[in-house]
Amino acid sequence: MTADGALARGGVVRQQAGRRFPIGRILSYVLMIGATVLWLVPILFALYVSLRPYAETSKLGYVSLPHKLTFSNYVNAWQESDMFHFFLNSVLITLPAVIITLFLASLVAFVLTRVNIKINVALLILFTAGNLLPQQVIITPLYRLYLLIPLPHFLADSGLMYNSIAGLVAINVAFQLGFCVFVLSNFMRTIPDEMYEASIVDGASLWTRYWKLTLPLVRPALAALATLLTTWIYNDFFWAITLIETGSRRPVTSALANLQGQFVSNQNLIAAAAMIVAIPTLVVYMLLQRQFISGLTLGSTKG
Amino acid sequence: MASTVNDASPAVAQAPKRRRRRLGRLTKKEILVVLGMLAVPVVVDLAFVWGPALASVVLSFFRWSGVGGLHPRACRPSGGLIQDNGCFTGVDNYHRAATNYPPFWPAVEHNVLWLLVFIVIATPLGMLFAVVIDRGIKGSRVYQSVLFLPVMLSLALIGIIWEFVYSPNYGLINTVIGHNQDNNLIDWLGNPHLNLWAVLVAATWRQAGYVMVLYLAGLKAADPALREAAQVDGANAWQTFWRVIFPTLRPINIVIIVVTVIESLRAFDLVYIINKGSNGLELLSVLVTNNIVGETSQVGFGSALGVVLLVISLIPISIFLYQNFKRKEGR
Amino acid sequence: MAQSSTGSGPGAAGHAVSRRGLLRAAGIGAGALAVPGLAAACSSDSGSGGTTKGGGSSSKITFGSNYSDPAPKQAFASLISAAKAKTGVTTKINTTDHNTFQNNITSYLQGTPDDLATWFAGYRMQYFANQGLLDPLDDVWDKIGDNFPDVAKNLSKGVDGHYYLVPIYNYPWVVHYNKSTFASKGYEVPKDWDAFIALCKQMKKDKIVPLAFADKDLWPALGMFDILNMRINGYDYHMKLMQNKAAYTDKEVTKVFDQWRELMPYLQSGANGRIWQDAAKTLEAKKAGMMFQGTNQVAAQYVTDKKDIKDLDFFAYPAINPSFGQDYMDAPADGFMMPKKAKNTAGAKKVLEYIGTKEAEIAYLKYDQWDVGLAKDLVAPTYNDIQKKSAQMIAQQKAVAQFGDRDTDPAMATALEQAIQKFIGEPTAGMISTIQQSLAKQAKSIFNG
């Protein structure tokens with residue numbers, strides 16, 4: 001039985017569960033394999049089209065046997081859009097934004113869940129609700145605000161929040177903060193109080209309880225959030241186009257938009273470009289996946 | 001699998017938990033530390049999110065194109081093409097939205113439908129994926145990665161992917177089922193009775209992976225000792241999950257609920273990239289966008305739509321969070 | 001914004017300038033072409049912060065461009081390098097993709113804009129001029145005025161009568177077809193509505209989709225509305241409607257939709273879900289007989305798809321109301337404007353003075369096989385048959401409109417576009433009257449507050 005083969009590695013507990021309910025196991029496999037295939041088909045199809053010359057698909061349609069598979073769309077997309085330059089911009093925006101957001105959010109979440117101050121609920125609602133606002137609702141006042149706030153020239157050569165990478169990082173942090181506070185505070189709430197009691201008895205300071213105790217315990221959540229944040233901030237187009245005026249300072253999403261074109265668009269080329277653009281998020285995911293999949297759990301890290 | 005058994009925390013299984021221990025009085029130094037921890041994030045959030053949001057509430061009572069300043073006087077009728085700008089219109093924008101803006105009510109309806117589909121299908125599906133993966137079936141890493149893929153892709157790519165799938169003459173579905181000729185084609189994205197469902201398939205495709213990852217992180221954080229304790233008692237997997245694990249995941253379940261609501265109300269990009277949210281794909285946030293971001297924008301009117309969106313999402317979520325907190329505090 | 005042209009359009013009088021002269025002028029442009037667009041995109045120093053204030057002959061300007069497609073980008077780069085050779089002004093191009101540029105224009109002009117920017121003629125330009133976001137270019141036009149026919153001059157003026165735009169090209173909205181299809185089936189170009197419908201019927205019988213049609217992007221079908229309105233009710237009425245001086249409940253508008261209903265069976269079905277590129281592909285594949293759209297799109301698509309552009313031809317939309325014949329069409333013009341916040345205005349004007357010449361248009365058109373220049377008597381040496389015919393046809397018009405979304409308030413244009421999608425989905429008399437009521441009501445609140 002395949003199920004048994006899998007069970008052998010599953011440890012004592014899982015073995016018991018599995019042996020008792022092989023039907024459940026089989027259903028699980030059917031579900032997961034079916035879903036995986038369904039989820040992959042659209043992506044693989046786009047990948048397939050991106051590997052075909054435009055002239056061919058525009059003649060035969062997308063669903064047709066290939067006469068020729070080629071990376072030329074990828075090469076052209078890379079060169080035509082000056083993608084490397086825009087990748088660097090994206091790194092400059094995404095990396096600081098993700099780190100700052102997670103750091104600030106974990107501070108707030110820790111205070112909200114582990115320090116008993118009066119305005120806890122109000123703060124939580126402030127952050128969570130701020131996260132409900134669509135970007136478009138705040139953009140006009142924000143834009144005016146950005147034109148008013150001066151920045152020192154070492155941070156922004158525009159001398160303003162507007163049209164500067166620093167300004168872009170700031171709004172990404174502000175905008176994602178609410179969500180991260182909300183998620184992290186809920187994760188921190190799952191930590192048993194007993195663990196804190198023990199550390200208080202040991203005389204651990206507030207900061208130690210945050211840095212040494214809480215952060216390691218919420219690492220799965222931090223990893224999951226880091227993945228999501230990277231994806232969102234890296235793929236953000238809205239802030240980038242409304243708050244950055246100089247085209248060459250924008251992130252890689254705008255390089256994609258440049259390829260999309262005014263009228264004539266070569267869908268195969270854009271698909272190829274979009275595939276390239278997706279690679280960094282995949283890498284980040286692969287790197288962080290281990291953090292939340294390999295079961296970093298309360299039991300194993302305590303102490 | 002690193003689910004190392006650890007005997008150090010056996011007592012946790014005895015639900016319900018003990019009353020949450022107040023951490024006692026804070027010393028002066030601790031107060032300073034707390035203030036230091038909160039200051040920057042609170043200021044950033046107030047300045048860049050809430051400030052502009054409240055300004056938008058003010059703007060919703062004005063007629064304003066985004067050019068020039070606001071004037072505290074009533075609007076004058078114009079007659080021609082060029083309109084009075086930056087003037088006070090009272091609740092006119094709201095009145096117009098409700099009575100004289102055809103996409104408004106369809107948008108409300110579609111947002112509700114979107115929410116229902118997420119609650120009934122997308123979110124439970126994502127949770128199911130997470131639970132199955134968490135049980136450690138063979139190849140779980142592959143499933144997890146694939147199911148999360150859509151979340152990671154840029155909007156541009158997602159737009160193209162579904163254009164390839166739904167395109168009437170050249171698309172995957174119509175070609176495969178042989179409905180790509182002009183006399184029999186299925187207009188997935190153009191038929192107003194069909195296109196919302198077509199888009200909801202794409203939205204579910206993305207939402208399920210998103211929920212899965214959040215939930216998976218929650219499951220991983222759940223104490224394995226619980227499971228073991230339950231299973232030693234002879235409970236099966238199904239019972240273990242519902243009776244033991246699910247209740248301890250309450251905070252994570254709250255995250256999932258709130259995320260579901262937020263995502264359905266904020267839903268925007270998929271329909272925007274398809275046809276700017278018209279012809280059966282109207283959604284509130286797209287209407288906000290169409291009015292605020294654009295060549296000659298109606299910032300006041302768009303802000304009014306934004307306020308409507310804000311209010312209908314804020315009220316239930318605030319009540320929910322408040323209740324939830326109260327209960328927690330009271331235990 | 002009267003655009004009553006008297007017919008002295010571009011290309012009307014043919015070859016006034018010697019071809020050799022033109023070629024030489026174009027050669028200068030080509031020689032200096034060192035992909036400035038790309039170079040500009042790579043340098044990461046400040047776009048507008050660091051420009052010099054004055055306007056010396058060796059000054060620098062920045063140019064905000066929405067020419068993001070490869071071909072227009074190349075054409076624009078050619079124009080700019082020719083401008084540098086001629087004026088000594090160095091131009092840094094700041095490219096933003098077309099849609100983003102357009103959506104962002106309000107904040108762009110109020111933020112830290114470039115010294116010059118690409119834009120469109122018509123109400124779209126006048127709106128921003130009215131808000132005081134553009135600088136008048138009257139002194140530029142004093143120098144370049146003689147290079148342009150009156151149509152182009154009128155296109156470039158704001159409501160206040162001052163100039164705010166220097167145009168570069170325009171293109172006609174016409175009915176495209178493949179010569180080979182018409183030749184092999186013996187079809188003839190229809191002059192009036194009856195012939196048009198008869199041709200459609202014949203095509204249907206021949207198992208060809210008479211008219212390729214797509215409206216997923218919302219704007220393409222607006223062209224159909226424009227042309228039907230101009231054919232049935234004339235240019236003046238069309239502009240009145242666009243300018244909110246006529247009502248959408250008028251019987252004139254009913255007539256437009258009724259006429260459209262008659263054509264509906266011959267338009268490719270499922271238009272609301274199809275992007276126009278796919279509609280163009282059915283024409284390319286000869287599965288469709290005709291397609292009504294701008295040459296800027298259909299001809300450009302033929303070039304992109306490497307189809308035989310020599311097989312592509314077009315005719316003016318058939319006459320409907322004999323009193324207006326084929327006198328009008330949409331011929332949108334694109335050009336350049338100077339933001340009020342421009343820093344180096346002297347340098348910018350110098351560049352504009354060059355752009356407003358025939359040789360500049362020729363430098364641009366070397367890389368553009370679907371648009372036509374607006375300068376008086378221009379026949380660029382690189383023109384293909386499509387461009388020659390376009391120039392001639394535009395010159396013959398009694399007046400040209402810009403386009404539904406360029407002649408009216410964008411909010412109104414959006415309302416109209418959405419109404420048209422509803423009509424396409426359900427082309428019934430009941431729907432027409434619902435649409436008309438709703439549009440009239442919306443116009444009231446959009447224009448009056």
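Computed from a predicted structure; not experimentally measured. In what follows, chains carry the letters A, B, and so on, assigned in the order in which the sequence lines appear, proteins first and then strands, with residues in each chain numbered from 1.
Heavy atoms closer than 4.5 Å to chain B are found in the backbone of C:Ala271, but not in its side chain. Only the side chain of C:Gln110 has a heavy atom closer than 4.5 Å to any heavy atom of chain B. Contacts of B:Ser167 with chain C are made by side-chain atoms alone, with heavy-atom separations under 4.5 Å and no backbone atom involved. No part of B:Asn93 comes within reach of chain C, as not one of its non-hydrogen atoms sits under 4.5 angstrom from that chain. With a threshold of 4.5 angstrom between heavy atoms, B:Asn169 approaches chain C through side-chain atoms but not through N, CA, C or O.
In this structure, CG on B:Asn100 lies 7.0 Å from OG on C:Ser438, to the nearest 0.5 angstrom. Separation of atoms CD1 (B:Ile274) and CD1 (C:Ile275) is listed at 12.0 Å; rounding is to 0.5 Å. Distance CD1/C:Ile424 to CG/B:Asp187: 10.5 Å, rounded to 0.5 Å. Considering CG of C:Asn103 and CD1 of B:Ile292, their distance stands at 13.0 Å, rounded to 0.5 Å. Here the OG1 atom belonging to C:Thr414 is positioned 8.5 Å from the CD atom belonging to B:Gln298, to the nearest 0.5 angstrom. Taking CG of B:Leu281 as the start and CD of C:Gln421 as the end, the distance is 9.0 Å to the nearest 0.5 Å.
Contact between C:Ser445 and B:Arg63 at its shortest, heavy atoms only, is O-NH1, 3.6 Å. Heavy-atom minimum distance, B:Ser278 versus C:Leu218: OG-CD2, 3.4 Å.
Proximity to chain B among residues 278-286 of chain C is limited to C:Asp278, C:Lys281, C:Thr282, judged by heavy-atom separations below 4.5 angstrom.
Put simply, the side chain of C:Gln418 reaches to within 4.5 Å of the side chain of B:Pro103, judged on heavy atoms. Between B:Val67 and C:Leu133 the shortest side-chain heavy-atom distance falls below 4.5 Å. In this structure, C:Ile446 and B:Arg96 have side chains that are in contact, with non-hydrogen atoms separated by less than 4.5 Å. Taking the side chain as every heavy atom from C-beta outward, C:Asp217 and B:Asn275 never approach each other to under 4.5 Å. Under the 4.5 Å side-chain criterion, counting only non-hydrogen atoms from C-beta, B:Ser65 is in contact with C:Tyr127.
Heavy atoms of other residues, nucleotides or ligands lying less than 6.0 angstrom from NZ of B:Lys276 number 12 at most. The local environment of NE2 in B:His95 is sparse, with at most 12 non-hydrogen atoms from other residues, nucleotides or ligands closer than 6.0 Å. No more than 12 heavy atoms of other residues, nucleotides or ligands shown are found within 6.0 angstrom of NZ on C:Lys240.
A salt bridge between C:Lys216 and B:Glu163 is present, with a side-chain N of the basic residue lying under 4.0 Å from a carboxylate O of the acidic one.
Interface summary for chain C: among B:Asn279, B:Leu189, B:Leu194, B:Thr99, the most heavy-atom pairs under 4.5 angstrom belong to B:Asn279. No other option in B:Phe301, B:Tyr170, B:Tyr166 has as many heavy-atom pairs under 4.5 Å with chain C as B:Tyr170.
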